[in-house]
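The structure appears below as structure tokens.
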Amino acid sequence: MARSRAKNVLPGFGLTLGFTLLYLSLIVLIPLAALLLKSTSLTWGQFWGVVSNPRVLAAYRLSFGAALGAALVNALFGLLLAWVLVRYSFPGRRLIDALVDLPFALPTAVAGITLTALFAKTGWLGAPLHALGIDVAYTPLGVMIALTFIGLPFVVRTVQPVLEDLAAEREEAAAMLGASRWQTLRGIVLPELAPALVTGFALAFARATGEYGSIVFISGNMPMKTEIAPLVIITKLEQYDYAGATAVAVVMLAISFTLLLVINLLQGWSGRRHGEA
Amino acid sequence: MGIRVDGLSKRFGSFVAVDDVTFDVRAGELVALLGPSGGGKSTILRIIAGLETADAGSVSLEGEVVDEMPPRDRRVGFVFQHYALFRHMTVEQNIGYGLKVRGVAKAERQRRVGELTGIMGLRGLEARYPAQLSGGQRQRVALARSLAPSPRLLLLDEPFAAVDARVREELRAWLRRMHDQVGVTSIFVTHDQEEAFGLADRVMVINRGRLEQDGSPREIQDEPATEFVARFIGESNVLEARVQGEDAWVGALRVGLDQGERGTRGGAAARLIIRSYDLKFWHAENGDSVAVVRRVVPLGDRVRVEAAVDGAGPIFAHFPRRSSLLHGIEPGARIAVEVTRARAYPVEAP
């Protein structure tokens with residue numbers, strides 16, 4: 001439904017909008033514009049040469065692929081975690097609730113080193129996995145695990161409040177109408193949670209595409225195999241190839257922005273359908 | 001074959017929500033559970049639905065004990081106070097949901113939904129989402145949704161509490177009409193006396209988890225079984241009195257007691273409960289006067305007169321707006337009081 005275009009009763013719309021735009025410009029738009037500007041110092045041919053380099057393409061694939069995988073894993077298990085935290089009360093619930101935020105607070109490099117130590121062929125988890133023929137450290141799988149770690153809170157924290165608001169009444173209504181637990185979950189609960197779940201997924205995904213600190217340790221940074229796009233950028237910077245670095249960054253930015261925009265549009269579409277009843 | 005509830009009890013921690021409640025509902029009856037909030041009415045309803053489990057007692061539907069049966073197999077319709085509609089489904093999908101999950105074919109589903117939108121006055125709204133409906137329409141969708149799978153029993157938990165007064169009137173009429181048309185055995189919970197008396201064939205008064213009285217609306221109003229019912233129903237004066245012989249005295253006011261007024265003894269303290277329509281005031285400056293008028297409040301078609309009895313506290317009565325008895329009744333006037341009907345209850349020793 002269309003929002004009311006009537007005159008707002010709260011004063012100060014002009015002032016707050018002006019401030020919002022100024023703030024957004026200073027913090028987000030100007031740095032991004034500088035980035036774009038810097039990349040224009042390259043000719044079109046040079047730009048294309050940088051971003052279509054096989055090594056760079058491999059890095060894009062890994063960055064976006066692992067971010068997507070990690071966000072999907074987080075969507076699934078974050079939902080599960082949020083469900084358990086909201087729906088059941090058990091000793092230590094508050095503690096687990098607090099633990100969820102730790103990936104936010106921990107310096108990502110610490111997370112990366114810890115995960116590397118754990119998943120190395122001699123590590124606590126890496127050794128048994130290696131025995132099973134699964135190597136984690138210095139593989140794309142390791143990258144995905146690191147990204148899952150840092151993205152976990154997003155899904156839990158977006159789904160949790162919606163789940164708390166979701167009255168048990170609707171599930172009871174479905175049960176009274178003859179629906180099984182599975183039918184209720186699929187037909188009633190998931191559609192209600194979908195918008196929050198998509199938001200959490202998008203946030204986790206966005207965070208994962210830009211992640212650097214936790215990955216450089218666990219990935220091993222092998223060109224064409226486990227090298228992520230942010231690392232390619234850093235490498236170019238260290239070689240004083242500023243224009244090349246910005247070219248790689250601009251393409252990342254464009255892809256991320258497009259994906260987030262699509263997710264937002266999807267949200268708006270489903271929001272309009274469901275209303276606020 | 002109706003519903004039988006037998007010795008139902010339920011506690012939440014140390015709080016006793018339902019205390020040994022037993023009743024029957026005949027097939028096709030429309031019954032109200034009436035009582036103050038937090039008295040256990042909704043818990044009884046939820047136990048019958050299977051949404052709560054009783055600590056003791058048993059529920060049978062059509063002669064079949066259902067205590068171990070999950071809610072979805074009971075074939076009981078439930079209407080929630082706040083509708084509990086599925087927000088991502090249209091009106092049509094909401095109403096058809098109970099048929100869909102049971103695997104009813106699409107054509108049959110559409111036929112049934114069409115039938116119910118007709119009965120409930122929802123034609124033309126089939127494609128709307130709940131967010132696009134008014135409160136009254138939403139509750140009608142909830143009602144239609146619960147009726148779609150043809151339940152053998154319909155339970156309504158404070159079904160009209162969330163809508164405004166005018167819509168409530170309209171919804172009551174829908175419910176009564178629906179009940180007469182479909183004939184489904186129904187139990188609804190309410191704290192509104194007018195709703196219970198105006199709608200139900202039979203009313204059960206519930207307080208603190210106990211069934212205080214089970215009777216027709218007339219019986220509940222004219223023959224309250226317990227002091228609680230006498231106080232809770234209608235508007236009443238509750239007066240402290242002293243019993244002497246066949247009379248009770250409230251200050252200077254003498255109230256004649258019927259023979260066999262239970263439990264009151266000579267010289268004992270008693271509590272009198274007098275309905276607002278069971279006493280008369282008239283202007284009297286002579287020795288008959290026992291009270292003085294404090295306030296005269298017009299309330300639409302009636303007038304509430306508040307007075308103070310000499311040597312005792314306040315008392316009030318309702319009169320028709322144009323009653324000739326109101327002559328000379330104004331603040332400060334002396335009045336005589338006649339009580340046509342009073343109930344006396346012993347005051348428990350402190």
Side-chain angles (χ1 to χ4, degrees), chain A residues 1-5 75 79 86-91 158-159 161-201 263 265-277, chain B residues 42 45-46 48-52 69-91 93-104 127-135 137-138 141-142 144-151 153-157 162:
Chain A
M1 273 163 299
R3 294 217 177 80
S4 163
R5 304 268 174 231
L79 174 65
V86 171
R87 285 301 169 92
Y88 303 101
S89 77
F90 50 90
T158 49
V159 170
V162 180
L163 203 52
E164 274 164 3
D165 267 3
L166 187 66
E169 269 191 359
R170 287 202 185 81
E171 286 161 63
E172 290 177 349
M176 294 310 301
L177 289 167
S180 64
R181 283 307 294 165
W182 170 242
Q183 283 170 323
T184 306
L185 185 70
R186 208 189 40 186
I188 309 300
V189 179
L190 281 183
E192 294 268 0
L193 292 181
L197 199 59
V198 172
T199 304
F201 170 83
I263 289 170
L265 289 175
L266 271 175
Q267 287 259 292
W269 172 75
S270 79
R272 257 196 314 285
R273 260 183 84 216
H274 298 173
E276 290 111 28
Chain B
S42 294
L45 215 62
R46 291 175 60 84
I48 298 174
L51 298 172
E52 304 276 1
M69 192 185 278
R72 67 189 172 99
D73 297 330
R74 293 193 182 196
R75 296 208 294 118
V76 170
F78 201 104
V79 177
F80 294 85
Q81 179 175 349
H82 297 289
Y83 329 120
L85 294 179
F86 307 133
R87 294 182 284 192
H88 59 287
M89 295 185 195
T90 61
V91 167
Q93 289 167 333
N94 262 286
I95 299 176
Y97 185 76
L99 301 170
K100 193 177 167 194
V101 294
R102 285 187 167 95
V104 173
R128 299 254 189 114
Y129 286 94
Q132 302 164 310
L133 300 176
S134 71
Q137 289 168 337
R138 286 180 202 173
V141 173
R145 182 180 68 177
S146 65
L147 286 171
S150 305
L153 170 65
L154 182 64
L155 303 172
L156 306 103
D157 189 5

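Chain A is the first sequence line, chain B the second, and so forth, proteins listed ahead of strands; every chain is numbered from 1. A quick note: this is a predicted structure, and the numbers were derived from the prediction, not measured. Just so you know, these numbers use all the heavy atoms, side chains as well, and skip hydrogens, waters and symmetry mates.
Other residues, nucleotides and ligands contribute more than 12 heavy atoms inside 6.0 Å of the CZ atom of A:R87. Open room surrounds OH on A:Y88; 12 or fewer heavy atoms of other groups in view lie less than 6.0 Å from it.
A donor-acceptor pair is defined here as one N or O able to donate and one able to accept, closer than 3.5 Å; such a pair exists between the side chain of A:R170 and the backbone of B:L85. The backbone N or O of A:L177 sits less than 3.5 Å from a side-chain atom of B:R102, completing a donor-acceptor pair.
For B:R145, the parts lying under 4.5 angstrom from a heavy atom of chain A are both the backbone and the side chain. Residue contact with chain B, scored on non-hydrogen atoms closer than 4.5 Å, involves the backbone and the side chain of A:A174 alike.
One finds the CD atom of A:E192 at 4.0 Å from the CZ atom of B:R87 (value rounded to the nearest 0.5 Å). Separating the CG atom in B:L154 from the CE atom in A:M176 is a distance of 9.5 Å, to the nearest 0.5 Å. Between the OG1 atom of A:T184 and the OH atom of B:Y97 there is a distance of 5.0 Å, given to the nearest 0.5 Å. Atom CG of B:D157 and atom CD of A:E169 lie 8.0 Å apart (nearest 0.5 Å).
Here the closest heavy-atom approach between residue B:A84 and residue A:A173 is recorded as O-CB, 4.0 Å. Among all heavy-atom pairs drawn from B:V101 and A:Q183, the shortest one is O-NE2, 3.3 Å.
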